[in-house]
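Predicted model only: the values in this text are computed from it and were never measured.
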Amino acid sequence: MVRSFNAATRGLWEVLAHEPAFRWMVFATILVVAGIIFFQTSRAENIALLTMIFAVLGLELINSVFERFLDFL
């Protein structure tokens with residue numbers, strides 16, 4: 001389990017180092033989370049926002065993998 005966590009952490013740092021679009025999305029995520037903390041939002045709104053954030057970041061990671069793979073081909 002520790003090896004899996006280490007591999008995931010290395011992959012995340014790799015994406016942050018080489019993908020400018022992902023860095024912008026992480027910056028936007030920080031702003032949205034700050035907005036959640038600053039403004040009073042309901043639990044349902046928080047769940048919806050966090051679900052969308054993780055969905056977008058996950059899809060961007062998948063997109064990055066496809067781009068790298070196609071560049072390799």
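If you chain together hydrophobic residues whose side chains sit under 4.5 Å apart, Leu49 and Phe39 never meet in one group. By the rule that hydrophobic residues join a cluster once side-chain heavy atoms approach within less than 4.5 Å of another member, Met25 and Trp13 end up as members of one cluster. Leu57 and Leu31 fall into different hydrophobic clusters, where Ile, Leu, Val, Met, Phe, Trp and Tyr residues are linked whenever their side-chain heavy atoms come under 4.5 Å apart, directly or through other members. Note on Leu16: it clusters hydrophobically with Val32, by side-chain heavy-atom contacts below 4.5 Å among ILVMFWY residues. Residues Leu59 and Val65 do not share a hydrophobic cluster, clusters being chains of Ile/Leu/Val/Met/Phe/Trp/Tyr side chains in contact below 4.5 Å.
Taken from OG1 in Thr41 to CD1 in Ile36, the straight-line distance is 5.5 Å, to the nearest 0.5 Å. The distance from the CD atom of Glu45 to the CD atom of Gln40 is 11.0 Å, given to the nearest 0.5 Å. Distance OG1/Thr29 to CZ/Phe54: 8.0 Å, rounded to 0.5 Å.
No side-chain heavy atom of Arg23 sits under 4.5 Å from any side-chain heavy atom of His18. A heavy-atom distance below 4.5 Å is found between the side chains of Glu14 and Arg68. Contact of the Ile53 side chain with the Leu50 side chain is registered, since non-hydrogen atoms from C-beta on lie closer than 4.5 Å. Here the side chains of Phe66 and Asp71 are not in contact, with every heavy-atom distance at 4.5 Å or above. The shortest side-chain heavy-atom distance between Leu70 and Leu73 falls under the 4.5 Å cut-off.
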Worksheet entry | Verdict with supporting geometry, Phe22 and Leu12, side chain to side chain contact (heavy atoms under 4.5 Å, CB included) | CA-CA 10 Å; Phe22 191 78; Leu12 182 62; 3.9 Å; yes
